[in-house]
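Hydrogens, waters and symmetry mates are skipped; everything else that's a heavy atom, side chains included, is used.
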Amino acid sequence: MPTNFLSEEQRKRFGRFTEEPDEGQLAGSFLMDQTARRRAMAAKGARNRLGWALQLGTVRYLGTFLDNPEEVPAIVVDYVAEQLGLQTGDLAGYGAMEHRWDHQEQIRTAYGYTKFEFDQWSTLARWLYQQAWIGSERPTLLFDLATKRLVDKKVVLPGVTVLERLVSGTRERAEKRLWATLADAPTPEQAAQLEQLVVVPAGKRISELDRMRRSPRDISARGVGKPLERYESLNALGGSSWDLSSIPPGRLQALVRFAKAARAQAVADLGGNRRLDTLVAFASVMPQVAADEAIEVFDLVMGDVIRSSAAKMTKKRLRTLKDLDAAAILLRTAWLTVSGVAADPDADIRAALDAIVVGPFHAAAEVVKEIAQEPDDGSEQMLAARYNTIARFLPGLLKTFAIEASAAETPVADMLSFEASAAGEPVLDAAALREVPQGAPPSSPSLGGPAKTPHVAMPSSRSAVRVGVFEQSGAGLERIPAW
């Protein structure tokens with residue numbers, strides 16, 4: 001990094017009045033209280049008194065003394081002179097007098113200001129190193145922060161070149177530590193693999209870096225596999241085995257942002273260890289990002305499957321409501337007839353029943369049996385019809401990520417583990433959907449609700465709970481990837 005990063009204009013403005021202070025700034029820095037007025041009036045002569053007070057206000061406002069105390073805006077001179085009962089012209093010649101140096105020492109002693117010497121230099125250097133290490137601020141911003149810190153600590157500002165070189169040197173040391181830490185993380189084999197990320201393979205149009213940093217765009221059952229492959233490719237780079245805990249996350253994120261936004265050729269053109277270090281940061285952070293995006297795609301796809309299954313169930317119910325209503329009306333008529341006869345103590349209920357033609361009522365009861373369902377019942381049947389779709393990606397996702405759960409969600413995790421172990425078995429056959437077999441794990445409770453028994457299962461010892469877990473996994477799977 002260049003030692004001189006400030007422009008000529010910035011150097012000229014450092015420790016100088018660049019504009020007239022406003023009323024608030026005048027009151028904050030140049031208002032003389034009783035003690036300040038008494039100390040100023042203790043100087044000999046009107047010129048020294050006004051100059052002493054102006055130097056006090058200047059160090060408060062700028063954080064330093066001016067070589068020529070007369071170089072202050074006229075509005076400041078008027079403001080201070082009025083408080084002391086002096087004339088603005090009394091200041092003439094004060095900048096050439098030796099007394100101004102004595103006045104500066106008096107002000108430092110009386111108001112707790114210190115010179116910028118070795119102790120102050122080392123304290124500021126340590127503070128700047130911490131700022132440069134935990135963040136990636138521009139050197140000009142670090143310069144402004146250092147200036148403000150010196151002013152707040154009542155340390156008289158040094159020359160602009162001294163502070164500029166301190167900021168530059170401290171930031172360079174922090175950068176060298178960062179590059180060295182990142183370069184030491186991968187093995188030589190891993191480093192060679194990382195270097196190949198920016199190379200476009202023969203017969204392809206983009207590099208592996210371009211492919212790995214591209215977020216998934218295909219939100220479909222087929223598209224779930226692509227982010228899983230991307231995560232596995234990133235995880236294979238070995239970033240999970242590197243200990244980068246000493247590096248602040250913000251520094252890693254800054255390098256990753258550059259690696260994601262810049263062209264692969266721009267990354268390849270980085271000099272020294274910067275190319276490898278940028279790729280190390282990319283390989284250490286991106287597996288987490290890829291895992292989160294893969295589960296996001298899974299969440300979106302499962303949401304679409306569940307919503308479409310519920311919509312199909314609703315349509316099916318609407319088509320059968322006419323038959324259900326007719327059956328319910330007929331059964332109500334029978335019930336009213338029987339209850340009316342039962343309410344008459346003199347009526348013969350047996351004769352009334354013999355007079356009823358039971359055929360239509362038996363048919364109505366069968367219709368109710370086929371169509372009516374419990375609340376929230378039936379969605380599993382629609383999910384069973386979508387099993388082939390879900391089976392494209394769920395086993396692969398469960399194999400890629402480790403499933404963890406709190407105590408309340410353990411049943412969901414158990415069912416997901418059971419589904420992962422059943423990968424490769426035959427898909428569900430609608431003709432075989434009958435009952436849950438012995439040995440199947442218990443049904444999963446919906447998160448925050450009562451336990452719900454799967455209504456769809458097949459006699460296979462492992463496939464029994466597959467359908468029942470789909471809706472639970474879509475709602476309860478947390479993003480805890482296996483890195």
Side-chain angles (χ1 to χ4, degrees), residues 6-121 123-124 143-164:
L6 295 177
S7 65
E8 288 300 323
E9 179 64 23
Q10 289 172 318
R11 289 192 180 89
K12 292 179 180 179
R13 296 177 58 182
F14 180 76
R16 295 290 185 271
F17 286 93
T18 57
E19 58 185 7
E20 292 184 350
D22 57 29
E23 293 183 2
Q25 292 169 331
L26 286 173
S29 300
F30 296 95
L31 180 63
M32 302 292 143
D33 58 16
Q34 183 177 359
T35 302
R37 291 196 301 270
R38 186 181 68 251
R39 288 170 174 167
M41 297 303 291
K44 294 181 180 181
R47 178 168 51 195
N48 288 330
R49 292 167 183 170
L50 182 56
W52 195 100
L54 283 172
Q55 289 212 80
L56 173 60
T58 298
V59 75
R60 286 173 174 174
Y61 184 72
L62 297 177
T64 188
F65 296 103
L66 296 176
D67 291 338
N68 184 0
E70 295 183 55
E71 295 178 351
V72 295
I75 188 174
V76 174
V77 180
D78 292 341
Y79 186 78
V80 175
E82 183 179 357
Q83 297 177 66
L84 300 179
L86 303 173
Q87 301 297 320
T88 56
D90 294 336
L91 186 64
Y94 178 76
M97 297 186 63
E98 294 297 324
H99 288 305
R100 71 183 190 275
W101 309 116
D102 297 333
H103 295 168
Q104 292 178 10
E105 183 63 30
Q106 293 173 11
I107 292 171
R108 282 195 296 267
T109 302
Y111 289 93
Y113 286 92
T114 57
K115 292 182 179 180
F116 188 79
E117 297 178 336
F118 177 76
D119 290 342
Q120 290 73 30
W121 181 94
T123 300
L124 181 62
F143 184 90
D144 292 340
L145 291 174
T147 302
K148 183 179 185 304
R149 184 171 178 83
L150 291 176
V151 172
D152 292 342
K153 297 294 183 179
K154 287 190 172 183
V155 177
V156 178
L157 296 178
V160 61
T161 303
V162 173
L163 192 56
E164 186 180 22

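Here the shortest heavy-atom pairing between L163 and A146 reads CD1-CB, 4.2 Å. For L157 against T64, the heavy-atom pair with the smallest separation is O-OG1, 3.6 Å. Annotation for L66 and G15: closest pair CD2-O, 3.4 Å, computed over non-hydrogen atoms. Nearest heavy atoms, P158 versus F14: O-CE2, 3.3 Å. The two residues L26 and Y79 make their nearest non-hydrogen contact at O-CE2, 3.6 Å. Considering all non-hydrogen atoms of both residues, L31 and R60 come closest at O-NH1, 3.4 Å.
Contact of the L91 side chain with the L86 side chain is not registered, since no non-hydrogen atoms from C-beta on lie closer than 4.5 Å. Put simply, the side chain of F65 reaches to within 4.5 Å of the side chain of V59, judged on heavy atoms. When side chains are defined from C-beta on, Q10 does not count as touching F143, because their heavy atoms never get closer than 4.5 Å. Residues T58 and V76 fail the side-chain proximity criterion, which asks for heavy atoms closer than 4.5 Å. H99 has its side chain out of reach of R47: every pair of non-hydrogen atoms, C-beta onward, lies at least 4.5 Å apart. A heavy-atom distance below 4.5 Å is found between the side chains of W101 and E98. The shortest side-chain heavy-atom distance between Q120 and K153 does not fall under the 4.5 Å cut-off. Residues R49 and Y94 have side chains not in contact (no heavy-atom distance under 4.5 Å, counting atoms from C-beta outward).
For the pair N48 (side chain) and G45 (backbone), a donor-acceptor distance under 3.5 Å is absent. E70 places a side-chain N or O within 3.5 Å of a backbone atom of G93 that can act as its donor or acceptor partner. No side-chain donor-acceptor contact under 3.5 Å links Q55 to the backbone of H103. Panel note: side chain Q83, backbone F30; a donor-acceptor pair is recorded below 3.5 Å. Between the side chain of R100 and the backbone N or O of G51 there is no donor-acceptor pair closer than 3.5 Å.
We find the OG1-CG distance between T147 and L124 to be 9.0 Å, quoted to the nearest 0.5 Å. How far CH2 of W52 is from CG of L54: 11.0 Å, rounded to the nearest 0.5 Å. Here the CZ atom belonging to R16 is positioned 5.5 Å from the CG atom belonging to D67, to the nearest 0.5 angstrom.
Legend: residues meeting side chain to side chain contact (heavy atoms under 4.5 Å, CB included) with T109, ordered by chain and number and at least two apart, are E105.
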task: Would you check, one step at a time, whether the test side chain to side chain contact (heavy atoms under 4.5 Å, CB included) holds for V77 with L50?
output: CA-CA 8 Å; V77 180; L50 182 56; 4.2 Å; yes
- request: Walk me through it: do E9 and K12 pass the test salt bridge (charged side-chain N to carboxylate O under 4.0 Å, His left out)?
  value: CA-CA 5 Å; E9 179 64 23; K12 292 179 180 179; 5.4 Å; no
- prompt: Going through the checks in order, is the side chain to side chain contact (heavy atoms under 4.5 Å, CB included) test met by R108 and T114?
  reply: CA-CA 6 Å; R108 282 195 296 267; T114 57; over 6 Å; no
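Between Y61 and F17, the ring planes lie parallel to each other; the angle is under 30°, not in the 30° to 60° tilted range.
Enclosure of atom NZ in K154 by more than 12 non-hydrogen atoms of other residues, nucleotides or ligands within 6.0 angstrom is indicated.
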